[in-house]
Structure formats: structure tokens, C-alpha cells
Number of protein chains: 2
Amino acid sequence: MDRAKLPKIEKMPADVRALGVLRGRIIDGSIPAGSRLTEVQISDEMGLSRATVRTALHQLAQEGLVSLVPYTGWTVVKLSRQDIWELYTLRGAVERLAASLTAASAEPAQMAEVQQAFDALEIACERKNPNEIAEADFGFHKAVVDASGHSRLRAQYGLIEHQIRVYIRSSDALIADSKEILDQHRPILEAILSRNSTLAGELSEDHNLREGQKLTVSVPLA
Amino acid sequence: MDRAKLPKIEKMPADVRALGVLRGRIIDGSIPAGSRLTEVQISDEMGLSRATVRTALHQLAQEGLVSLVPYTGWTVVKLSRQDIWELYTLRGAVERLAASLTAASAEPAQMAEVQQAFDALEIACERKNPNEIAEADFGFHKAVVDASGHSRLRAQYGLIEHQIRVYIRSSDALIADSKEILDQHRPILEAILSRNSTLAGELSEDHNLREGQKLTVSVPLA
DNA sequence: AAAAGGGCTATTGTCGACAATAGCCCTTTT
DNA sequence: AAAAGGGCTATTGTCGACAATAGCCCTTTT
């Protein structure tokens, strides 16, 4: 009896689902920076208990997206100039290590994924859709980090990425000169493919510092 | 009516206290790696509710000291060779950034703290007490990170440090050749004091990679 | 004897209720 | 009018109970 495979039913813990929803709303801006969140309201709306929502909020706090003032309330973080600087310098350090590890010792399969992520970026740049470009840009960086085979680096990168996404969306800072974007990423790809570990690391760090610089000067903040 | 100031009464949330106690026990080895932890037992012993203990355990999981298998239980993590490698490469990347930032732009007061931490390390080395040396060693690294004025770097460093401490204690890997320890740290201090940002970063990273190497080869792991 | 199946137990997952607290607002005092 | 004080309200902090689940163990089937 041959038939199409049934779709896998998603069975996720309630707190993880709540986390995903909240994070999505914060990143896409439908819950703006500076908003207050209350456990009761969220749990009512989602039909979950406060304990569950609370777990999700604590996780979001770990990710740096919300902050808790004891006995008072949760607020969605507002990123200052200093925060953006911190995020990009930190991402620079993380990606420096990731790129140099990947260049030094990634398996061919992982290398192929990095190459593929770059190809996707090229295609996105041709289409000139800013959102798509931004996604592909994130995708390339993530591919390099994933290829490093360093689980803590991946976890760390995830946290930073969430926060950067919040900022990028909230500031609409999608500076998408597609030509320049490709020119900035190509050398990194080449250094990695040619197994030049030192260069790959340096280029990655420089790229991040430049990006961070650009964002902090171009977009004034509270 | 002049009198000695009364000592400040510590008023901490219960979950924070539980977290501190558990972390301390894991780090000092009285709860060994691989142990199972159950929420009920802990909450009974501490006289707290499960919810409170659970919050603390989740935090410990974030710090990488325990891990949760759904509907099954919590266990204290056992660090593998790969984990040690990850910790030291990651710490290398974090400290590279910290040292170069500190060298580039720390205030005199912060510089003085770094100097002071090094002096403490010198004194500890003279006394040849392994535990004291290890503490002063951690202290120096922490001082450099603190001086960088980068809050996310500090937070990140804290997490890594906890995990390294677990490993160092559990393996008794306190390789304390006091002469060598000073020789390894002095150039870092000097590069920072002379505001040589690039060199400070490089030396810090190298130092960590060497340490990590030493620990992974000298101590066989499960 | 081996395999399959089902129930049991230990444990986390989720819930709703009450306790503790921060900070506003109103009243009282000076 | 300004300052001090106290109560009120909104919110998180903490609790104990019940639900859901994983995985072991015993029984049954082959």
C-alpha cells in the first residue's frame, strides 16, 4: 500500500513554542523595543500558564531581547549605540575564530555548504530584494560558523544574531548596495576555500567591524 | 551617635541563592560530573519550591554546567576533550578581543586594576600555593576582560569561566610551575600597558591556546 | 528462548492560587 | 507649598498539586 508520507506533526514543549512566537514578534517589530510585557497578559493571550510563559521570558532575557526588573516587569530591550558596538565587536571575535577554524579544518561537505551559502547570496544580490539579501547575508555568516564544528561558537553566535536582527529590523538599516556586499564577502569565501586560516579570520573580523561602524554612524539612536 | 556601620543583610531572591549553592557544589566537586539531579530532592533539601529550584537549574543549564533530558532528568555535565578544546579556543577569541580593547582604550583606573591583578599573581606564585595561584590566574584574566568595558564580553567570559573551573577542579589540572606562569602572563600585561593593542590580542589568544593544548594532552578524559 | 506489548514508576511539564514587593497616589504633617 | 508617610495596585516571586511523558520491568505471545 504505497502512499505519500504523512507530514510530521510538530510536538514541541509549550515554553519553546511561546519562546518562538515572542522572539518572532520582537524581531519583526510587532512588539516594539521598549514595550512592557506582562506574564499574565501573555499567558491569557496564548492560553498557557504563567509558569510556561515565564520560562520563555527568562530564555528571552538570556538572549538579550528582554529584561526583567524584579517585582516590576519585563521590557523589550532598546539597543543603544554602545550595544551595537558591543554586538559587532563580539560578532567579529566569534566569526574570526569560526572562519579560521573552518579554513583550517572543515570537511569538504562543510566547505560545500559555505560555498552554497555564498552562491545564494549572489543570487539574492542579483534580485535586489533587500530583505532577501539581508537573509542571505546572515545565511553566509551562519554557514561559516556552522562549518567550524564548534558547538559553543554556534550557540554564542545564535544569541548575537538574534540581537542584531532586532536592531536591523527596527532601524531598517538594510544598506543593500548589492555590489559592495558581494565584494565584501567574496574575499572571506576565497580565504576559507584556499585554507588560509589566518587571512580568513582577519577578513571576517574586519568585515564585522566595518559593518558595525557603518550601522552606528548611519543610524542615530535613542 | 557614631558607631560602626551595621553589616548589610543579604537579601537575595531564593532562586539566585539556590543557583549559587548548586554552582558552588558542582565547581568544588561535591556534586561530581555525571551525577543526576532531581528537582524534588533539591527543593526538599533546600526548603524551597520546585519552581524556584527549576529556575536555578535552567540558569545552570545556560551556563553549561547541567543538562536536561525532557521528562527524564537533570545531569551534571561531563566535559569531553572536544569540550575542553571548545572552551579554550572560545576563551582565546574572547580574551583576544578583551585584551586588544583594553590596550586600545582602557581608562587609567582600569589599567591600574589589571596591573594590580598581575601583582597579586606574582605574590601568589611566590607562595607556591597551587589553589591560590589558580585563583590569581583567573583573577588576572578577569581583570583584563573587565577593563575592556564591554558588558557582553564580561557576561560571555563568566559563562566560559564557570565551565573551565569545573574542569580544572575535577581534573586537578593545576599545573603550577610558578615561574612559567609569570613568564606567560607578563608579556600580556606589558603589551596592554604599552597600549599595543594588536600584540596584546595575539598574546592573549596564544596563551589560551597553549593552556588548552596542555590541559587536553596532559589529562585523559572519558 | 526471544520478541512483543502493556503497565508502572520516577521524573519533568504545566497549572492556578497566594505571598512579597515596587512604586504610584493620596493624605497628612510641617 | 513642600515634605513625609502610608496605603493601594499592579506585577513578579513562590508554592503545592495534578498532567504528561520516558523508559524500565514484568507478562504474554510466538
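This is a predicted model, so every value here is computed, not measured. Below, chains carry the letters A, B, ... as their sequence lines are ordered, and counting in each starts from 1.
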>> Taking any heavy-atom pair under 4.0 Å as a contact, classify B/L37: base, sugar-phosphate, or nothing.
In response: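 Sugar-phosphate contact only.
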
>> What's the closest nucleotide to the side chain of B/E39 if the choices are C/dT12, D/dC15, D/dT12?
In response: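 Out of C/dT12, D/dC15, D/dT12, the nucleotide with an atom closest to B/E39's side chain is C/dT12.
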
> What nucleotide among C/dT14, C/dG13, D/dT12 has an atom nearest to a side-chain atom of A/Y71?
Replying inline: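 So the nucleotide nearest the side chain must be D/dT12.
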
> D/dT11 pairs with which nucleotide, Watson-Crick or G-U wobble, both distances below 3.5 Å?
Replying inline: C/dA20

> Looking at the side chain of A/L68, which of D/dT11, D/dG13, C/dT14 is the nearest nucleotide?
Replying inline: D/dG13

> Among C/dC15, C/dT12, D/dG16, which nucleotide sits nearest the side chain of A/L48?
Replying inline: C/dC15

> Looking at D/dT14, C/dT11, C/dG16, which one has an atom nearest to any side-chain atom of B/D15?
Replying inline: D/dT14

> Have A/S49 and A/T52 got a donor and an acceptor in their side chains that come within less than 3.5 Å?
Replying inline: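 Per modelled atom types, A/S49 and A/T52 side chains form a pair under 3.5 Å.
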
> In terms of the angle between their ring planes, are A/H185 and A/H207 parallel, tilted or perpendicular, with boundaries placed at 30° and 60°?
Replying inline: perpendicular

>> From the set C/dT12, C/dA17, D/dG23, return the single nucleotide nearest to any side-chain atom of B/V40.
In response: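 Out of C/dT12, C/dA17, D/dG23, the nucleotide with an atom closest to B/V40's side chain is C/dT12.
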
>> Looking at C/dA4, which nucleotide sits across from it as a Watson-Crick or G-U wobble partner, both distances under 3.5 angstrom, or is there none?
In response: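 With both distances under 3.5 Å, C/dA4 matches D/dT27.
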
>> Is it true that, when you exclude A/R165 itself, more than 12 heavy atoms of the residues, nucleotides or ligands shown sit nearer than 6.0 Å to its CZ?
In response: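 Above 12, so yes.
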
